[in-house]
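Residue numbers start at 1 and run along the sequence shown. Below, each value reflects all heavy atoms present in this structure, side chains not excepted, and no hydrogens, waters or symmetry copies.
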Amino acid sequence: LGMFSELKFPVPWGHVAAKAWGPSEGHPVLCLHGWLDNANTFDKLIPLLPRDCYYVAMDFSGHGLSSHRPAGSPYHFLDYVTDVRRVAADITQCSAFLFLSHCFIFPQFCFLYPEMVDKLILLENLGFLLAPEDTEECLKSKRMVIDRLLSLEAKQQTPKARSPEAALQRLLEANRHLTAEGGAILLQRGATETPAG
């Protein structure tokens, strides 16, 4: 397990980088580094672990070899949870993972996606701390936000070019409260003319 391969998982702002050890058909173990660390955190540990698992140590966005989020974007803990969900979706070979976690991100992920957690090994972790506002409804809402975002990203298409009349019609259909005059005013600043339309 001393040899590893580099992985890249596409995200809208670039990629999430990871290192992988072991056979890709092995049971997946997602390894999450701690605050301001990176995937190299696991370099000395992975060779000591069972050889039949597929270990994937990701670099969170803005860490290690992963792309930074766009300038001015915050690094919120729920965004890291979303990164873990993205990577888990890309490497899924089974319905649940073993997680090896150094970080504060995992307890939130575990509460949002318990069906994806087969086993858990916490390294220097605070454990499962929930804020008072993390009620069942709040957790459902957070999960819905992540799932919806990933669904929209998966369906993302190149914007369609439309004539000014068709763009106005589309805007009015989606916003029934607008008048044609109001829609035309919004389109002056909300649409860009290209050679295609």
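- What you find for K142 and L112 is that their closest heavy atoms are CB-CD2, 3.8 Å.
- Here the NE2-CG distance, from H63 to D83, works out to 10.0 Å after rounding to the nearest 0.5 Å.
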I'd like to know whether F109 forms a ring-ring contact (aromatic ring centres under 6.0 Å, His included) with F99, so could you lay out the CA-CA distance, the side-chain angles of the two residues, the decisive distance to 0.1 Å, and finally the verdict. CA-CA 11 Å; F109 182 88; F99 283 87; 5.3 Å; yes

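- V29 places none of its side-chain heavy atoms less than 4.5 Å from the side chain of F97.
- Atom OG1 of T179 is separated from atom CD of E181 by 5.5 Å, given to the nearest 0.5 angstrom.
- Connection of Y75 to F60 is established within a shared hydrophobic cluster, with ILVMFWY side chains joined at heavy-atom distances below 4.5 Å, either directly or through further cluster members.
- Heavy atoms only, all atoms of each residue included: S24 and Y54 are closest at CA-CD1, 3.5 Å.
- Linking ILVMFWY side-chain heavy atoms closer than 4.5 Å, directly or via other members, places V81 and L120 in a single hydrophobic cluster.
- R51 contributes atom CZ, which lies 11.5 Å from atom CD1 of I46 (distance to the nearest 0.5 angstrom).
- For the residue pair D37 and H33, the shortest heavy atom distance occurs at O-CE1, 3.2 Å.
- In the hydrophobic clustering, L168 connects to L171, L172, L178, L186, L187, either directly or through intervening members, whenever side-chain heavy atoms lie under 4.5 Å apart.
- The closest donor-acceptor contact from the side chain of S66 to the backbone of A17 lies under 3.5 Å.
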Step by step, work out the side-chain contact (heavy atoms from CB on, under 4.5 Å) result for Y55 and L49. CA-CA 10 Å; Y55 301 95; L49 299 178; 3.3 Å; yes

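- Annotation for E6: atom CD counts as buried by contact number, over 12 foreign heavy atoms lying within 6.0 Å.
- Scored by the side chain to side chain contact (heavy atoms under 4.5 Å, CB included) test, A39 finds K19, A57, D59 as partners (sequence neighbours excluded).
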Pairs under 3.5 angstrom only: tabulate donor-acceptor contacts from the side chains of residues 8-15 to other protein residues two or more places apart or in another chain.
unit_1: H15; atom_1: ND1; unit_2: S67; atom_2: OG; d: 3.3
unit_1: H15; atom_1: NE2; unit_2: L65; atom_2: O; d: 2.9

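- No chain of hydrophobic side-chain contacts below 4.5 Å, direct or via other Ile, Leu, Val, Met, Phe, Trp or Tyr residues, connects L152 to V145.
- Connection of L149 to M116 is not established within any shared hydrophobic cluster, with ILVMFWY side chains joined at heavy-atom distances below 4.5 Å, either directly or through further cluster members.
- Note: the hydrophobic cluster containing L78 also contains L150 (ILVMFWY, side chain heavy atoms under 4.5 Å, direct or indirect links).
- Between the N38 side chain and the N40 main chain, a donor and an acceptor come within less than 3.5 Å of each other.
- A 4.5 Å side-chain heavy-atom check between V87 and L30 finds at least one atom pair inside the cut-off.
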Under the salt bridge (Lys or Arg N to Asp or Glu O under 4.0 Å) criterion, do R143 and D147 qualify, and how do the steps go? CA-CA 6 Å; R143 179 175 172 147; D147 291 346; 3.5 Å; yes

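- Of all the heavy atoms in Y80 and S61, the pair that sits closest is CE2-O, 3.7 Å.
- Surrounding CD of E173 are more than 12 heavy atoms belonging to other residues, nucleotides or ligands, all under 6.0 Å away.
- To the nearest 0.5 Å, atom SG of residue C31 and atom CG of residue L123 are 9.0 Å apart.
- Looking at H76, its side chain never comes within 3.5 Å of a backbone N or O of P74 through a donor-acceptor pair.
- With 3.5 Å as the limit, one finds a donor-acceptor pair spanning the side chains of H27 and D118.
- Once rounded to the nearest 0.5 Å, the distance linking SG of C53 with CG of L98 reads 7.0 Å.
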